[in-house]
Amino acid sequence: GISNTLKEIVNSILEHRPYNPLHFISGYLKTSSSTGLMKPYRLIKQCPLEHEAFMSNLTEAYMQIDSKKGGGDQGLTGKEYMKLVNMLCVDFPSEVVEEVLAVVGKRENEVLGFQEFRAGISTVIMFEEFFEEAEEIFRLLDKDSEGSVETQLLLKSLEKLQDYELTMPSAEELRTVLSTLNLENKTRVS
């Protein structure tokens with residue numbers, strides 16, 4: 001009932017510590033009632049990509065979804081996969097979600113094997129890690145809490161992340177995104 005749902009929401013918030021809890025709750029309620037993907041979602045979110053248990057959790061998540069269809073190495077449908085990807089991208093800006101889905105997306109009736117599932121989910125997790133780092137850099141650069149920073153300073157700081165072996169877009173890709181959003185000529189971004 002409702003008390004179980006509230007317990008699950010509170011546990012998920014405490015476990016995952018989303019940046020925007022209200023957005024997380026909204027996404028949770030939208031997706032959990034319509035799909036059986038909450039357990040696979042939680043398995044994927046339990047530990048970071050680089051943690052040794054991640055692959056085991058990812059395998060278990062895949063098997064959880066596949067077993068709901070009867071298993072037998074049939075794979076997942078694109079529909080199930082896209083629902084899970086949307087759940088994982090709930091805190092992403094809408095423009096980014098569209099781009100991520102264009103990269104890792106599948107048609108509803110297409111079947112995904114584990115390797116394709118792993119590659120797509122890993123890509124989404126890498127985007128998430130990059131956004132978290134970029135957000136932290138933005139906050140550090142915004143010393144006066146104005147909600148904006150110098151565009152070039154932000155770009156140079158993001159480029160330095162590559163020195164720490166964080167999987168992220170290249171400097172050229174970052175500039176392309178700024179251009180697409182008509183921000184390349186602005187002195188400050190927010």
Side-chain angles (χ1 to χ4, degrees), residues 9 11-28 31 37 40-58 61 81-82 84-105 116-190:
I9 290 171
N11 285 335
S12 289
I13 288 173
L14 292 173
E15 184 176 330
H16 306 300
R17 307 248 184 237
Y19 175 68
N20 185 340
L22 292 178
H23 191 67
F24 179 85
I25 292 169
S26 172
Y28 185 104
T31 56
L37 297 174
Y41 170 83
R42 277 194 226 115
L43 283 165
I44 291 167
K45 297 294 280 181
Q46 272 180 343
C47 59
L49 184 64
E50 65 276 357
H51 194 277
E52 60 187 55
F54 179 79
M55 188 55 66
S56 178
N57 288 356
L58 190 62
Y81 171 69
M82 295 303 287
L84 183 58
V85 167
N86 275 304
M87 289 172 70
L88 292 167
C89 294
V90 74
D91 283 333
F92 289 18
S94 60
E95 301 87 7
V96 174
V97 173
E98 290 172 16
E99 292 296 321
V100 168
L101 293 177
V103 171
V104 302
E116 197 170 9
F117 175 77
R118 179 181 60 100
I121 297 300
S122 296
T123 300
V124 169
I125 300 297
M126 284 185 238
F127 268 102
E128 182 179 38
E129 289 175 358
F130 170 71
F131 291 137
E132 288 170 359
E133 292 295 327
E135 190 172 2
E136 182 61 26
I137 287 172
F138 186 93
R139 276 196 289 260
L140 290 171
L141 294 174
D142 185 20
K143 295 175 185 152
D144 299 327
S145 299
E146 295 173 355
S148 68
V149 298
E150 292 179 35
T151 304
Q152 292 306 312
L153 181 60
L154 179 61
L155 275 174
K156 288 186 187 310
S157 299
L158 291 174
E159 288 170 13
K160 287 201 178 274
L161 286 177
Q162 291 173 333
D163 296 342
Y164 298 99
E165 298 181 19
L166 179 71
T167 304
M168 59 171 283
S170 68
E172 183 179 315
E173 290 169 319
L174 290 172
R175 292 182 194 288
T176 301
V177 168
L178 287 176
S179 175
T180 302
L181 298 173
N182 295 319
L183 298 174
E184 75 277 355
N185 295 324
K186 293 190 177 186
T187 57
R188 298 184 70 80
V189 291
S190 53

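Every heavy atom of this structure was used, including side-chain atoms; hydrogens, water molecules and symmetry mates were not. Quick note: residue numbers are just sequence positions, from 1. These numbers were taken from a predicted model, which means no experiment stands behind them.
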With rounding to the nearest 0.5 Å, note down the distance linking [atom1] in [X] to [atom2] in [Y].
| X | Y | atom1 | atom2 | answer |
| --- | --- | --- | --- | --- |
| Leu158 | Phe138 | CG | CZ | 10.5 Å |
| Leu14 | Ile9 | CG | CD1 | 12.0 Å |
| Leu43 | Leu37 | CG | CG | 11.5 Å |
| Ser157 | Glu150 | OG | CD | 10.0 Å |
| Leu153 | Leu141 | CG | CG | 4.5 Å |
| Thr151 | Lys156 | OG1 | NZ | 12.0 Å |

### Task
Quick one: do Glu128 and Val124 satisfy side chain to side chain contact (heavy atoms under 4.5 Å, CB included)? Show the steps, please.
CA-CA 6 Å; Glu128 182 179 38; Val124 169; 5.6 Å; no
### Message
Within a 6.0 Å radius of atom CD on Glu52, are there more than 12 heavy atoms belonging to other residues, nucleotides or ligands?
### Response
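Not buried by this count: 12 neighbours or fewer within 6.0 Å.
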### Query
Are the side chains of Glu135 and Arg139 in touch, meaning some heavy atoms are under 4.5 Å apart?
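A side-chain contact exists here, since the closest heavy-atom pair is under 4.5 Å.
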### Query
Between Ser122 and Phe54, does a side chain to side chain contact (heavy atoms under 4.5 Å, CB included) hold up when you go through it step by step?
CA-CA 10 Å; Ser122 296; Phe54 179 79; 4.3 Å; yes
### Message
Checking Ser148 now: which residues fulfil side-chain contact (heavy atoms from CB on, under 4.5 Å) with it, not counting sequence neighbours?
### Response
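Partners of Ser148 under the side-chain contact (heavy atoms from CB on, under 4.5 Å) test: Glu146, Arg188, Ser190.
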#### Entry: Step-by-step side chain to side chain contact (heavy atoms under 4.5 Å, CB included) determination, Leu84 to Phe117
CA-CA 10 Å; Leu84 183 58; Phe117 175 77; 3.7 Å; yes
### Task
Please confirm whether the backbone N or O of Ile44 pairs with a side-chain atom of Asn57, one donor and one acceptor, at under 3.5 Å?
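No, the answer is negative, given that no donor and acceptor are paired below the 3.5 Å cut-off.
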### Message
Run Lys45 and Leu88 through side chain to side chain contact (heavy atoms under 4.5 Å, CB included) and show every step you take.
### Response
CA-CA 8 Å; Lys45 297 294 280 181; Leu88 292 167; 3.7 Å; yes
### Message
On a heavy-atom basis, which atom in Pro40 and which in Ala61 lie closest, and how many Å separate them?
### Response
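Smallest interatomic distance, heavy atoms only, reads O-CB, 3.6 Å.
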